[in-house]
Amino acid sequence: MKALILSDEINQFHWSMLKSVLLILSILPLSQGIQYLWQSTEGSSQIMVGFFALSLMSSLFILSFWSALKATMAKLNPHVMSQFEYKVVNAYRHLPMLFLAGMTSYVTTIF
């Protein structure tokens, strides 16, 4: 499907960026839910919930980092777009990594 305003390559890049940012933003509700579950359990159940939370959060952070790194290293053809579009896309490609850094720092401060 052809995009009306942007080229097809930039449109696909934009959707991959949105998927990456949404994956990173899913960390926040998951961490809040795990924190609530951990605080509502007692004793030895907290060990099990903590282990499950650590496994789940580490896998989600790894997937988020991989997605952000893939978006940062995306190859786009500079000859297809104008110089201004190329500069905007180069700045835009760092957005998922900035979201990941912000979300990581926020999640570490609430725990």
Side-chain angles (χ1 to χ4, degrees):
M1 182 171 94
K2 287 299 266 180
L4 296 176
I5 299 173
L6 302 172
S7 69
D8 194 38
E9 185 180 20
I10 293 176
N11 191 27
Q12 289 177 353
F13 176 69
H14 172 68
W15 283 108
S16 69
M17 296 291 279
L18 286 177
K19 289 177 202 174
S20 178
V21 168
L22 287 175
L23 179 67
I24 292 167
L25 289 177
S26 71
I27 293 172
L28 185 60
L30 186 66
S31 67
Q32 294 295 323
I34 288 173
Q35 184 181 18
Y36 175 75
L37 181 66
W38 187 65
Q39 289 176 349
S40 65
T41 56
E42 296 178 2
S44 62
S45 298
Q46 281 186 340
I47 295 171
M48 195 66 167
V49 169
F51 178 73
F52 177 71
L54 183 65
S55 301
L56 189 64
M57 291 300 288
S58 64
S59 64
L60 188 60
F61 271 108
I62 288 170
L63 285 174
S64 297
F65 178 73
W66 178 75
S67 174
L69 188 65
K70 191 172 123 180
T72 304
M73 299 308 229
K75 300 285 185 207
L76 293 173
N77 190 0
H79 304 293
V80 175
M81 56 188 111
S82 69
Q83 187 70 17
F84 176 71
E85 284 178 335
Y86 188 70
K87 287 181 181 180
V88 169
V89 167
N90 273 339
Y92 183 56
R93 73 174 52 196
H94 296 288
L95 191 68
M97 202 59 85
L98 290 173
F99 266 89
L100 182 63
M103 192 62 65
T104 303
S105 64
Y106 179 74
V107 168
T108 56
T109 58
I110 63 171
F111 286 112

A.B. asks: Tell me whether Leu100 is reachable from Leu25 by hopping between hydrophobic residues (I, L, V, M, F, W, Y) whose side-chain heavy atoms are closer than 4.5 Å.
C.D. replies: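 In one cluster with Leu25: Leu100, yes.
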
A.B. asks: Identify the two heavy atoms, one from Ser67 and one from Leu23, that lie closest to each other, and give their separation to 0.1 Å.
C.D. replies: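 In terms of heavy atoms, the two residues are closest at CB-CD2, 4.0 Å.
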
A.B. asks: Within a 6.0 Å radius of atom CD on Glu42, are there more than 12 heavy atoms belonging to other residues, nucleotides or ligands?
C.D. replies: no

A.B. asks: How close do Met57 and Leu30 get, heavy atom to heavy atom, and via which atoms?
C.D. replies: SD-CD2, 3.9 Å

A.B. asks: Would you mind reporting whether Gln83 and Lys87 have side-chain heavy atoms less than 4.5 Å apart?
C.D. replies: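 In short, these two side chains touch, coming nearer than 4.5 Å.
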
A.B. asks: Do Met17 and Leu98 sit in the same hydrophobic cluster, where Ile, Leu, Val, Met, Phe, Trp and Tyr count as joined when their side-chain heavy atoms come under 4.5 Å apart?
C.D. replies: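 Per the 4.5 Å side-chain linkage, Met17 and Leu98 are not co-clustered.
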
A.B. asks: Are Val21 and Trp66 grouped together when hydrophobic residues (ILVMFWY) are joined by side-chain heavy atoms under 4.5 angstrom apart?
C.D. replies: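 No; tracing contacts between hydrophobic side chains, which count when under 4.5 Å, never links both residues.
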
A.B. asks: Please answer whether the main-chain N or O of Ser82 pairs with a side-chain N or O of Glu85 as donor and acceptor at a distance below 3.5 Å.
C.D. replies: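 Yes, because the side chain of Glu85 sits within donor-acceptor range (under 3.5 Å) of the backbone of Ser82.
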
A.B. asks: OG of Ser16 to CZ of Arg93: how many Å apart, nearest 0.5 Å?
C.D. replies: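 Taking OG in Ser16 and CZ in Arg93, the distance rounds to 10.0 Å.
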
A.B. asks: Would you name the heavy atoms of Thr104 and Phe61 that are closest together and state the gap between them?
C.D. replies: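 Distance-wise, the nearest heavy atoms are OG1-CE2, 3.3 Å.
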
A.B. asks: Could you tell me the separation between the CG atom of Leu28 and the CE atom of Met103, rounded to the nearest 0.5 Å?
C.D. replies: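 Answer rounded to 0.5 Å: 5.0 Å.
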
A.B. asks: Considering non-hydrogen atoms only, spot the tightest contact between Ile34 and Ala53 and give its length.
C.D. replies: CG2-CB, 3.0 Å

A.B. asks: Mark yes when over 12 heavy atoms from residues, nucleotides or ligands other than Tyr92 sit less than 6.0 Å from its OH; otherwise mark no.
C.D. replies: yes

